[in-house]
Q: 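If you scroll down you'll find the structure; I have some questions about it.
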Protein chains: 2
Amino acid sequence: MTSTGTPGGTGRAATLSHVAREAGVSLATASRAINGSTNRSVREDLRQRVLDAAERLNYSPNANAQAMARGRTATLGLIVHDISDPFFSTIAAGVTEAADAAGLAVTLANTQHDAEREVGFIQTLQNLRARAIILIGGRQDDDAANERLREALASYQERGGAAAMVGQPILGVKAVHVDNRGASAALARSLHGLGYRRFAVLGGPERHLTAAERREGFCEALAELGCPVADDAVIASPFVRDGGHDAMVELMRRALDVEVVFAVNDVMALGAMTAAREAGLDLPRDMAFAGFDDIYALRDVTPTLSTVRIDMVDIGRQVTALALGEEDRELVTASGEVVLRESTPGPQ
Amino acid sequence: MTSTGTPGGTGRAATLSHVAREAGVSLATASRAINGSTNRSVREDLRQRVLDAAERLNYSPNANAQAMARGRTATLGLIVHDISDPFFSTIAAGVTEAADAAGLAVTLANTQHDAEREVGFIQTLQNLRARAIILIGGRQDDDAANERLREALASYQERGGAAAMVGQPILGVKAVHVDNRGASAALARSLHGLGYRRFAVLGGPERHLTAAERREGFCEALAELGCPVADDAVIASPFVRDGGHDAMVELMRRALDVEVVFAVNDVMALGAMTAAREAGLDLPRDMAFAGFDDIYALRDVTPTLSTVRIDMVDIGRQVTALALGEEDRELVTASGEVVLRESTPGPQ
DNA sequence: TTGTATGCGTTATCAA
DNA sequence: TTGATAACGCATACAA
């Protein structure tokens with residue numbers, strides 16, 4: 001049997017028209033047979049003929065054409081600060097899992113911590129007519145930048161796009177917000193309960209909202225316990241591993257009397273521990289450490305790091321559910337669980 | 001001034017036709033003005049009128065429509081086994097960086113180590129008419145699975161798609177292949193040079209080609225040095241952190257006389273070190289360890305881990321260059337550099 | 001340089 | 001249940 005509608009063998013893909021011709025049915029019927037989405041309104045034998053023809057011609061539906069005709073895509077946009085950071089890549093795993101279950105392809109945008117690129121990527125995803133956009137990562141206290149983001153997201157949503165984020169709910173979109181303040185306070189109380197009294201905080205960037213929430217939650221709880229953290233025991237630095245390392249170097253330079261260091265995220269804590277070791281400290285004997293997030297890597301460091309555990313994969317799933325409207329809340333608060341490990345054995 | 005062609009305010013996006021009407025030019029002129037790609041064949045004042053109109057109407061070009069009309073997309077497909085694994089997420093960072101530079105959006109597919117899903121994602125990316133597909137991750141020695149993959153990729157390439165991969169060049173696409181064998185051999189010689197004589201290998205899955213290359217390169221080099229690794233000192237296990245952990249448990253159960261353990265990747269080595277510690281060993285005194293990849297996390301473990309350093313970000317860039325045809329080689333070999341750290345201080 | 005008209009591959013509306 | 005046919009939004013060959 002010779003294929004009537006086969007396109008030339010040199011790279012031209014078979015279209016639905018070719019399939020229809022090959023199967024001896026109309027374009028409409030072929031479309032219905034292959035899609036069958038709403039109502040199965042095509043006779044079984046015809047459907048089979050179409051499916052066979054499609055198989056023979058190695059037909060691949062053109063998603064762009066479908067997007068045009070249907071008026072919507074099956075694309076989900078995911079914007080992260082740094083995909084190589086375990087915090088983001090773990091959440092991304094949750095997002096891809098949920099997106100997959102929903103039949104959506106994930107378009108990944110890596111901003112490299114550049115807020116302006118976030119806006120640019122929203123534009124790109126708007127152009128792609130992504131069905132939803134998910135934004136991961138704490139916001140900065142920067143009104144101008146936030147306003148631009150807000151506008152971009154508003155414009156996107158006005159055109160029918162859905163959006164959700166992980167972070168502070170200040171951009172006019174649904175959000176999964178980690179209870180940074182409460183969990184950090186709980187961590188502070190736990191450490192205080194262990195007997196620690198002299199604290200330092202590697203507090204991240206001044207204007208980084210997540211860093212601020214963790215810093216403040218921690219310090220306020222200690223203040224309430226009558227054990228305030230001295231101002232010069234709070235060191236600002238970037239929210240990344242090297243930031244933690246460098247902040248620890250600065251802390252040691254100040255030669256304060258400190259028992260335990262809280263870094264506002266795990267990668268910073270790990271960098272800080274390394275800095276402490278480089279300075280000759282013996283951990284956890286000479287200095288206790290705690291972090292936040294509970295990234296996988298913590299399982300294999302020594303001493304194992306006390307931290308606040310958040311379920312990043314699940315946060316990824318949840319923010320996807322929000323974005324896809326499978327969950328109608330506007331704000332989901334993710335709680336953190338204090339996990340005490342070897343790095344905080346209690347004061348010697 | 002009232003906008004002539006403005007669509008209703010309720011979510012309907014402005015199209016190029018609206019922009020053209022608003023600017024008082026034809027659709028074609030508007031298209032040329034906004035695109036200006038090939039030849040700048042539109043009068044400056046008109047161009048400005050169009051751009052202003054687009055701005056006013058908050059015009060967002062429909063990438064799907066452009067894809068239809070142009071016959072190509074600006075999408076790059078990226079398929080990884082597990083985006084939350086630092087090896088993959090770091091390479092992904094390189095890919096997104098390069099894709100960004102090339103003006104391409106990255107569609108991320110996370111297979112969760114399921115080979116069948118790789119084939120499925122290739123189909124999806126084919127449907128999306130992705131301009132190129134990048135496949136990251138070592139292959140299995142599984143002819144049936146590889147054949148299905150090969151077919152899927154061949155079909156994709158016949159239709160004009162480009163493809164490249166990181167891993168063994170056995171799928172008929174361009175590849176960046178790490179010199180696992182050579183680098184592992186070099187590592188073996190370095191360790192031997194330190195004086196180690198009693199080796200064990202946490203060798204990953206039997207049929208995992210990358211694992212096999214590293215395992216064999218390591219063992220063969222030692223054999224050549226007259227210091228063969230005993231068969232029962234090579235433990236098979238999954239290529240992930242827990243695999244390394246469990247393999248180490250098994251190794252210790254066998255109670256062999258071992259000085260140094262080579263795990264075929266870093267996350268396995270980290271899991272193995274934790275297992276050794278759980279068993280009460282003091283590292284590196286009681287046991288030396290070495291891994292492969294040099295993931296970022298190694299900087300902050302104790303003892304710091306000896307390994308083979310590969311530049312994963314650059315590998316991501318390179319495989320993207322291959323996929324986009326910016327590099328016309330079929331095969332790029334990425335070399336690894338032996339890095340000796342505290343975990344291999346030499347026999348006591 | 002500008003405009004007209006056609007086609008890209010689907011879906012969906014409307015008749016039959 | 002099936003088949004014509006009109007969108008969908010844009011790029012471009014061709015004509016002016």
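In what follows, every heavy atom counts, from backbone to side chain, and hydrogens, waters and symmetry copies are set aside. Note that the structure is predicted; figures quoted are calculated from it, not measured. Proteins come first, then strands; the chains are lettered A, B, ... in the order of their sequence lines, and each starts at number 1.
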Q: Has A/Asn64 got a side-chain N or O lying under 4.0 Å from the OP1 or OP2 atom of C/dT10?
A: no
Q: When you get a sec, tell me which of D/dC8, D/dT2, C/dT11 is the closest nucleotide to the side chain of A/Val42?
A: D/dT2
Q: The helix from C/dT1-D/dA16 to C/dA16-D/dT1: angle between its terminal axes, five pairs each, to 10°?
A: 40°
Q: In this structure, how many angstroms lie between the C1' atom of C/dA12 and the CD atom of A/Gln66, rounded?
A: 13 Å
Q: Please determine whether side chain to side chain contact (heavy atoms under 4.5 Å, CB included) holds for the pair A/Gln112 and A/Arg117, giving the CA-CA distance in whole Å, both sets of side-chain angles, and the decisive distance to 0.1 Å.
A: CA-CA 8 Å; A/Gln112 321 228 57; A/Arg117 304 184 65 176; 3.6 Å; yes
Q: In whole angstrom, give the distance that lies between atom CD of A/Gln126 and atom C1' of D/dG9.
A: 14 Å
Q: Using atom CZ of B/Arg70 as one end and atom P of D/dC8 as the other, report the distance to the nearest whole Å.
A: 20 Å
Q: Which nucleotide, C/dA12, C/dT11, C/dG9, lies nearest any side-chain atom of A/Ala28?
A: C/dA12
Q: State whether the distance check finds a donor on one side and an acceptor on the other, under 3.5 Å, for side chain B/Arg32 versus base C/dG3.
A: yes
Q: For A/Leu27, report the nucleic acid contact type (base, sugar-phosphate, nothing); a contact means any heavy atom under 4.0 Å.
A: base
Q: For A/Asn62 and A/Gln66: C-alpha separation, side-chain torsions, deciding distance, then whether side chain to side chain donor-acceptor pair (under 3.5 Å) applies.
A: CA-CA 6 Å; A/Asn62 185 322; A/Gln66 292 182 317; over 6 Å; no
Q: For B/Met68 and C/dG9, give me the distance from atom CE to atom C1', rounded to whole Å.
A: 4 Å
Q: So if I take every side-chain heavy atom of B/Arg43 and compare against D/dT2, D/dA11, C/dT2, which nucleotide ends up nearest?
A: C/dT2
Q: Reckon B/Asn35 has a side-chain N or O less than 4.0 Å from the OP1 or OP2 of D/dA11?
A: yes
Q: Step by step, would you call B/His81 with B/Phe88 a ring pair (Phe, Tyr, Trp, His ring centres under 6.0 Å)?
A: CA-CA 7 Å; B/His81 292 175; B/Phe88 293 101; 5.3 Å; yes
Q: Show your working on side chain to side chain donor-acceptor pair (under 3.5 Å) between B/Gln168 and B/Thr210 and close with a plain yes or no.
A: CA-CA 8 Å; B/Gln168 290 71 31; B/Thr210 296; 3.1 Å; yes
Q: Report the distance from atom CD of B/Glu327 to atom CZ of B/Arg317, rounding to the nearest 0.5 Å.
A: 14.0 Å
Q: Rounded to the Å, how far apart are B/Asn62 CG and C/dG9 C1'?
A: 14 Å
Q: Counting side-chain heavy atoms from C-beta on, which of D/dC10, C/dT10, C/dT1 comes nearest to B/Leu16?
A: D/dC10
Q: Please state how far atom CZ in A/Arg129 lies from atom C1' in C/dT10, giving the value in whole angstrom units.
A: 17 Å
Q: Does B/Thr29 or A/Tyr59 map to a spot on DNA chain C nearer the 5' end, using the closest nucleotide for each?
A: B/Thr29
Q: Which nucleotide sits closest to the side chain of A/Val25: C/dT11, D/dG3, C/dG3?
A: D/dG3
Q: Measuring to OP1 and OP2 of C/dT2, would you say a side-chain N or O of B/Ser26 lies under 4.0 angstrom away?
A: no
Q: Measure from CG on B/Leu46 to P on C/dT2 and round the result to the nearest Å.
A: 4 Å
Q: Given atom CG of A/Asp45 and atom P of D/dT2, what is their separation to the nearest angstrom?
A: 7 Å
Q: When you check the gap from the basic side-chain N to the acidic O, do A/Arg49 and A/Glu44 get nearer than 4.0 Å?
A: no
Q: Consider the side chain of B/Ser41, meaning its heavy atoms from C-beta on, and name the nucleotide among C/dT2, D/dT12, D/dG3 that approaches it most closely.
A: C/dT2
Q: Does D/dA11 have OP1 or OP2 under 4.0 Å away from a side-chain N or O of B/Ser31?
A: yes
Q: Which of these passes side-chain contact (heavy atoms from CB on, under 4.5 Å) with B/Leu104: B/Thr73, B/Leu324, B/Thr320?
A: B/Leu324
Q: With rounding to the nearest 0.5 angstrom, report the CZ to CZ distance, A/Arg47 to A/Arg43.
A: 12.0 Å
